[in-house]
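Have a look at the structure that comes next, please.
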Amino acid sequence: MTHEKLYRGVYARLSGEPARAFDAYLLYRDTLSVDAVCRELGVSPEQVERWRHDFHWDKRVRVHLAEVRQRGMALSRARLMAGAVEAVRLLHSVVVDETAPVRERTRCAELLLTMVGYLNAK
């Protein structure tokens with residue numbers, strides 16, 4: 001099975017895959033449980049195992065899980081960056097606030113410089 005076919009098969013039926021087998025695959029992909037597929041769809045474990053083998057469920061699930069992890073990491077990075085930007089804005093606002101205590105302004109300036117790598121973390 002080519003990579004392109006495998007990737008498409010994660011989200012779409014494979015050529016020759018019956019609709020019932022694809023429904024079973026989706027349930028298996030989301031639960032990783034042959035028992036859940038048997039219970040939910042009322043098919044025998046032998047039938048599920050045949051579909052699992054014939055339609056490469058385990059390979060398709062690995063691709064799906066890798067993509068889910070990748071999306072999750074990208075989302076985490078985006079949230080982390082948004083939080084860092086907000087922290088920099090907050091620290092900067094204290095540094096430039098002439099009414100803030102000097103000690104607080106100095107500590108915020110040190111934190112900013114540490115964040116951008118000018119100072120070593122204490």
Side-chain angles (χ1 to χ4, degrees):
M1 175 180 288
T2 67
H3 181 71
E4 182 182 332
K5 265 180 142 176
L6 178 60
Y7 184 79
R8 271 197 326 257
V10 169
Y11 302 103
R13 272 175 51 195
L14 296 177
S15 177
E17 182 176 28
R20 189 145 169 86
F22 183 66
D23 290 343
Y25 158 70
L26 293 175
L27 186 57
Y28 178 77
R29 183 192 72 189
D30 295 342
T31 64
L32 299 178
S33 169
V34 169
D35 291 339
V37 175
C38 294
R39 248 189 339 273
E40 186 74 24
L41 299 180
V43 294
S44 71
E46 296 79 21
Q47 180 61 59
V48 172
E49 288 298 337
R50 261 193 309 280
W51 286 337
R52 183 177 168 190
H53 174 268
D54 292 348
F55 299 108
H56 314 283
W57 287 6
D58 292 325
K59 288 180 186 176
R60 291 161 76 185
V61 166
R62 278 195 300 277
V63 170
H64 172 71
L65 292 176
E67 185 171 299
V68 166
R69 275 192 303 276
Q70 193 173 28
R71 272 194 249 144
M73 288 181 347
L75 184 57
S76 294
R77 279 193 299 272
R79 287 182 178 157
L80 182 62
M81 285 302 296
V85 167
E86 186 57 34
V88 167
R89 284 188 183 127
L90 177 63
L91 291 169
H92 180 262
S93 71
V94 173
V95 170
V96 298
D97 180 1
E98 294 181 6
T99 64
V102 171
R103 186 177 196 170
E104 187 176 326
R105 292 173 68 197
T106 302
R107 182 64 185 133
C108 288
E110 288 172 349
L111 286 171
L112 276 171
L113 292 171
T114 300
M115 288 173 73
V116 296
Y118 286 111
L119 293 176
N120 292 327
K122 294 180 181 180

Between Glu67 and Arg71, is the closest basic N to carboxylate O distance under 4.0 Å?
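Yes, this pair counts.
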Spell out, yes or no, whether Val34 and Leu32 are grouped together once hydrophobic residues are joined by side-chain heavy atoms under 4.5 Å, including indirect joins.
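Yes, Val34 connects to Leu32 through the hydrophobic network.
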Mind checking whether Trp57 and Trp51 have parallel, tilted or perpendicular rings, split at 30° and 60°?
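Rings of Trp57 and Trp51: tilted, as their planes differ by 30° to 60°.
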Lys/Arg-Asp/Glu bridge criterion (N-O < 4.0 Å) met for Glu49, Arg52:
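Yes, Glu49 and Arg52 are salt-bridged.
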Atom CG in Asp23, atom CD in Glu40: separation rounded to 0.5 Å?
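Atom-to-atom, Asp23:CG and Glu40:CD are 10.5 Å apart.
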Can we say Glu110 and Arg105 salt-bridge, meaning some charged N sits less than 4.0 Å from an Asp/Glu carboxylate O?
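Looking at Glu110 and Arg105, the cut-off is not met.
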Got a second to check how far His92's NE2 is from Asp97's CG, nearest 0.5 Å?
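Rounded to the nearest 0.5 Å, the NE2-CG separation comes out at 11.0 Å.
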Start with the C-alpha distance between Tyr25 and Leu14, add both sets of side-chain angles, then the distance that settles side chain to side chain contact (heavy atoms under 4.5 Å, CB included), and finish with yes or no.
CA-CA 11 Å; Tyr25 158 70; Leu14 296 177; over 6 Å; no
Minimum side-chain heavy-atom gap Arg107-Val94 below 4.5 Å:
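Contact flag for Arg107/Val94 side chains = no.
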Write down the atom of Val95, the atom of Leu112, and the distance for their closest heavy-atom approach.
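Minimum heavy-atom contact is CG2-CD1, 4.0 Å.
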Any donor-acceptor pair under 3.5 Å linking the side-chain atoms of Asp58 with those of Tyr28?
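Indeed, the side chains of Tyr28 and Asp58 share at least one donor-acceptor pair under 3.5 Å.
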With side chain to side chain contact (heavy atoms under 4.5 Å, CB included) as the test, would you mind laying out the steps for Arg20 and Val43 before giving the verdict?
CA-CA 10 Å; Arg20 189 145 169 86; Val43 294; 3.4 Å; yes
Side chains of Asp35 and Ser33: is there a donor and an acceptor less than 3.5 Å apart?
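Note: Asp35 and Ser33 side chains miss the donor-acceptor criterion.
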Do you reckon Leu113 sits in the same ILVMFWY cluster as Val96, going by side-chain contacts under 4.5 Å, direct or chained?
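Each belongs to a different hydrophobic cluster.
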How close do Pro18 and Phe55 get, counting heavy atoms only, and between which atoms?
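Shortest heavy-atom contact: CD-CZ, 3.6 Å.
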Interatomic spacing from CG in Leu91 to CD in Glu86 - rounded to 0.5 Å
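One finds 10.0 Å between CG of Leu91 and CD of Glu86.
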Single-linkage hydrophobic cluster, 4.5 Å side-chain cutoff, Val63 and Tyr11 together:
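Same hydrophobic cluster.
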